[in-house]
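In what follows, chains carry the letters A, B, and so on, assigned in the order in which the sequence lines appear, proteins first and then strands, with residues in each chain numbered from 1.
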Amino acid sequence: MTEMQRVGEVIEASTTEFTAQCYELYHIPPLGSLVKTRDLPLELYGIVCNAATTSLEPGRRPIARGKDETTEEEIYRSSPQLLKLLKSEFGALVVGHRQGDRLYHHLPPQPARIHSFVYQCSPDEVKEFSQSFDFLNILLNAHLPVPTEELISASLRQMSQAYEDRRAFLVAAGKELAILLSGNLSQLKAILGRIKQ
Amino acid sequence: MNERLGIVVSGSLSKGVEVRLDSSAPIEEMAVGRFVTIEGQKRRFFGMITDVSLGVIDQKLTLTPPDVSDPFIAEVLAGTSTFGIIHVSPQLTIGGDAESLLEGPQPVKTVPSHFSVVNLASQRDVELVFGTEDEKRFFIGTPLDMETKVCLDLDVFVKRSNGVFGKSGTGKTFLTRLLLIGILQKGTAVNLVFDMHSEYGWESQNEQGRKVKALKQLFPSKVAVFTLDEEGSRRRRVSTDFVVRIGYDEIEPEDIALLRQTLNLTEASVQAVYQLAREFGDKRWIEATLGLEEGDETKQLLDKLNIHDSTYRNLRRGLETIRRLPFLVSNAPDNTVRRILEYLDRGTNVILEFGRYTDITAYILVANLLTRRIYARYREATEQAMGGDAMPPRPLMITIEEAHRFLNPEVASQTIFGTIAREMRKYNVTLLVVDQRPSGIDSEVMSQLGTKITCLLDNERDVDSVLAGVINKSEFKSVLSKLESKQQALIFGHAVPVPVVVRTREYGSAKSYKDFIPGEEAEVGKQAEKDIEQLWE
């Protein structure tokens, strides 16, 4: 297996989602992308649903510093401690897991462990995972910090990049959504409008 | 490879099943009349598409239609939120297990389970149902959008009276000609054709003005052409076998009764005919009546018979019309009925051309008169055969055009054709009824027709009368009214296992003639061999 890209570490976890802190400031996986934790023998798959960069200490808010600087980079260069006082975090919605050789598109028996490493999934893994669209149902029913249609369309756009025929993938996903959202045409229209090319 | 259409979603045995189309199955190609198979869990069902409709998953979609100018949206919605529905009426169960393979197709008694897969019927399925061309089966046409042959079981076909219907110009004559050729080719019956427009015996023109051959030219040894109009036939260079002349003595009161409408006779006049026949005798009455002169004698006779003067005048006018028919003579040189029977006994088919006497009076008179006598002879012969004395006569099929004139509710009970249609095959005589106004035919007669072949009909009453008694009538109505006006026909009844829409086989080209004739040549050869063998026995 190729070396996977490690993007962070779990710092908060529940059955339905987990939050991870990035190792590098601003190195956040894109919204809707597929990530996974490796708590062997259980691997948890999540879809990035939310991200934030905040001060390390909740009481200390950053202040504006760039009045005398010409570029943004200058600010970080002149105050290198900033990189250590800020942190980037992202939340991921758990959409499936792998146990042994099998991939399941439903919630895992246990939540992720704290300090589990979080990896970005490779295109091959994304392809394997998106063979089934069952995860769409989890996304539709979750209580999310971002609008559902935004997250679904973002994740489908991300996944489609793993495919050569992106359109065929998006059409197939769209058909699945058309069935799931048969009673909510406005939401369907909103998602289709965001994934069409 | 089967072409998958969709899955069964609902339905019933009496109303047929609803099939939801897959998004990959294009709804615009689902023509009514096409055959499909349904893969049930234990059986395979064979059925026909009888309706096509559009469905949406949510009615809101019809109120706020999506932007389908975007191909992506259109593709996503097709088959999911919007989908096609076809209505299939299952007709037969085929295949499945070994037992059903042995038994062949069976009528359906149940419906396939939910979500059974529906495929377009393959060539093999259609062959399994309609059989292949053989000694008894005649290739009549192909199903819509397929190359498979649909075959009529002519052995079954000729056992009952049959009907060919369709609006004028939809190909009734061509179809009838095809059927006659089939019967000639397979030799399942002998035919007597009352050919009103002289189209079956010798070549005639099709609608494009091209000449097409007819039966005598294709099967010269098996067909005899009789004519009422010798001159006309000679002008058309038809080689006729016999010129028909009918004597007055052959016309019976029943024949006049049948002509009541066309001769505009009153009920009293018809009664008078019977009285006159009793007075003068069945053979002489026409001549005697026509010979009556104005005067006291006649008046006394009429008084004696209690015939009113106006009735007499009415009758006389009618009889004068008959007298003007040139083929009627006071003494016929030969007995036409006997001649026809001789030919029929030999297995030669007889076509009676009317030439220029296309007047309906002549047609009804001659057809009824001849048929009554021929039927009587057949009846005798069959009864003798029942007694064990003789072989039953060859099955005879009589073709009549403008059938509603003979079989309308008012006269059907009186004419011989009504009797034949009702009593059917008991005496080995059946009818082939050709008509464009089936609604004019008595419903009792219609219900007795075994196989009905119908081209396009658009009059509501005609459609109703043709489909009377058919299960799922409303479904077939939509099929029937959507037939193309040329070369397409719906066949249903005894000779086919399921109702079928066919594109009739080609007729008129050199190749089509060849296709009809090889069987004929082979048969002639076989007959010759048989004759030679008998010679040495």
*So what's closer than 4.5 Å to chain B heavy atoms on A:Leu192: side chain, backbone, both or neither?*
both
*Heavy atoms from other residues, nucleotides or ligands near CD of A:Glu72 exceed 12 (cutoff 6.0 Å)*: no
*Which distance, rounded to the nearest 0.5 Å, do you find between the OG1 of B:Thr80 and the CG of A:Leu188?*
7.5 Å
*Smallest separation among heavy atoms of A:Lys189 and B:Thr64, with atom names*: NZ-O, 3.3 Å
*Might you confirm whether atom CD of B:Gln41 has over 12 heavy atoms from other residues, nucleotides or ligands at distances under 6.0 Å?*
no
_Euclidean distance, A:Asn184 CG relative to B:Asp58 CG, rounded to 0.5 Å_ = 9.5 Å
_Can you tell me which portion of B:Ser23 sits under 4.5 Å from chain A's heavy atoms? Options are side chain, backbone, both or neither._
side chain
*Starting from the C-alpha separation in whole Å, work towards a yes-or-no answer on side-chain contact (heavy atoms from CB on, under 4.5 Å) for A:Leu177 and B:Val76.*
CA-CA 9 Å; A:Leu177 282 168; B:Val76 167; over 6 Å; no
_chain B contact via A:Lys175 - side chain, backbone, both or neither, heavy atoms under 4.5 Å_ = both
_Enclosure of B:Arg461 CZ (heavy-atom neighbours >12, cutoff 6.0 Å)_ = no
*Please look at A:Leu181 and chain B and tell me whether the side chain, the backbone, both or neither of the residue comes under 4.5 angstrom of a heavy atom of that chain.*
neither
*Check whether more than 12 heavy atoms from other residues, nucleotides or ligands sit under 6.0 Å from atom NE2 of A:His106, and answer yes or no.*
yes
*asked:* Could you check whether atom CD of A:Glu12 has more than 12 heavy atoms from other residues, nucleotides or ligands sitting under 6.0 Å from it?
replied: no
